[in-house]
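This report concerns only the one structure given below.
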Amino acid sequence: MLCLFALLYYSWYLIGVFAIKTDEIKSVLEMEGESVTLNTDVTVTQRNKILWKFGDRGVLIALLDDNEVSLFNGTEGQFRDRLQLDHRTGSLTIINIRTKDSGLYELNIKGRPGDRVKKFNLTVYSHLLIPDITRDSSQCSSSSSSSSSQQNCSLLCSVFNVSHVTLSWYKGNSLLSSISVSDLSISLSLPLEVEYQDNNTYSCVVNNPVRNQSQHLDISELCHTCSEIHCCGVTEAAIRLAIIVLVGVAAVAFVVYDIRSRNAA
Ligand SMILES: *[C@@H]1O[C@H](CO)[C@@H](O)[C@H](O)[C@H]1NC(C)=O
Ligand SMILES: *[C@@H]1O[C@H](CO)[C@@H](O)[C@H](O)[C@H]1NC(C)=O
Ligand SMILES: *[C@@H]1O[C@H](CO)[C@@H](O)[C@H](O)[C@H]1NC(C)=O
Ligand SMILES: *[C@@H]1O[C@H](CO)[C@@H](O)[C@H](O)[C@H]1NC(C)=O
Ligand SMILES: *[C@@H]1O[C@H](CO)[C@@H](O)[C@H](O)[C@H]1NC(C)=O
Ligand SMILES: *[C@@H]1O[C@H](CO)[C@@H](O)[C@H](O)[C@H]1NC(C)=O
């Protein structure tokens, strides 16, 4: 009998040990500017004490003790006026989140039925701007003489100041090509070659694990600006040349006139 008790106690003790040791980290992904709530999934009793800590150094940012909520500003006032704590559940809400808020949040629940620890790994992604589709003008001028390439239009889809994104070209719902960056990148571009008479079903999409932004490709609009630029570039050059010639002729005429009138005097 005593033996059975000891065994029961021992297994209960083991479960208890494992329960505390289970450092499961819950991954939370969100966009910059949104609000995020880290749920305790418990109902707090008056005997519970709840602590929220942030970062590698475990800076205390929120405390619920004896039904009283205390909020702290974090290192260098990082969380000033942006924290809310539900006093019934102890869940922490961070409003208007920033990429700097990414990191580990540790929840400590003290009191009955035993101390518990929960960890949240928050990743905040920066805003996604709509990608920019431009005609690759270098292709434009160099290949204008070749007849086969006149059927084609070289395009470039770009995004600026991004990190942890994938940039892709789609035709309808099928993926044509893509490129990814994990670090901060000043600009990211992906080329695409289309034919003039192709149907307008192309789009360029930038996405991170949370959200995406897309830009529809208007072939008839983009692929004709090239020939216009080409035409107007030539016209402009001709006008400039004409002006330079006119000014030159006028200057020579003036000098000649000046010399003649001096000689006459
Ligand atoms: C947090 O910052 C506010 C505003 O600067 C200040 O009034 C308050 O005392 C600070 N709280 C703590 C706990 O440092
Ligand atoms: C938190 O998540 C990021 C990516 O979302 C990952 O790189 C990092 O290793 C995670 N940290 C921990 C402690 O799990
Ligand atoms: C034109 O584009 C098509 C694909 O859209 C490609 O197969 C072809 O080789 C291109 N032609 C030239 C001259 O670049
Ligand atoms: C990218 O960021 C740099 C500095 O951080 C800024 O000067 C530049 O204007 C930004 N570019 C765009 C397209 O937002
Ligand atoms: C464009 O779409 C029409 C019908 O929607 C189809 O018959 C034609 O083959 C398509 N052209 C190309 C180049 O995909
Ligand atoms: C972009 O996001 C929407 C939902 O916001 C989703 O329906 C769509 O499939 C996504 N597109 C891509 C290419 O990931």
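Indexing begins at 1, ligand by ligand and atom by atom, following the structure's order. Keep in mind the model is a prediction, meaning the values are calculated, not measured.
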- Is atom 5 (O) of ligand 2 in close reach of the protein, with a heavy atom under 4.0 Å away? yes
- Check: Gln213 side chain, Leu128 main-chain N or O, donor-acceptor pair, under 3.5 Å: yes
- Query: Any sub-3.5 Å donor-acceptor pair from Gln78's side-chain atoms to Lys100's backbone N or O?
  - Reply: yes
- Flag Tyr125 as yes when one of its N or O atoms lies below 3.5 Å from any N or O atom of ligand 2, and as no otherwise. no
- Message: What I want to check is whether the side chains of Ser185 and Asp183 have a donor and an acceptor closer together than 3.5 Å.
- Response: no
- atom 13 (C) of ligand 1 [closest protein heavy-atom partner, distance rounded to 0.1 Å]: Phe72 CD2, 3.9 Å
- Query: Side chains of Glu34 and Val124: does their closest heavy-atom pair fall under 4.5 Å?
  - Reply: no
- Message: Could you tell me if Thr37 and Thr93 have a donor-acceptor pair between their side chains, going purely by distance under 3.5 Å?
- Response: yes
- Query: Taking distance alone, with no angle check, do Asn212 and ligand 6 share an N/O pair under 3.5 Å?
  - Reply: yes
- Item | Identity and separation of the nearest protein heavy atom to atom 2 (O) of ligand 2 | Asn121 ND2, 2.4 Å
- Return the option from Asp81, Asn73, Ile61 holding the heavy atom at the smallest distance from atom 10 (C) of ligand 1. Asn73
- Exam field: side chain Asn212 to backbone Asn208, donor-acceptor pair closer than 3.5 Å: no
- Message: Can you name the atoms of ligand 6, numbered from 1 with element, that are less than 4.0 Å from a heavy atom of Tyr170?
- Response: 13 (C)
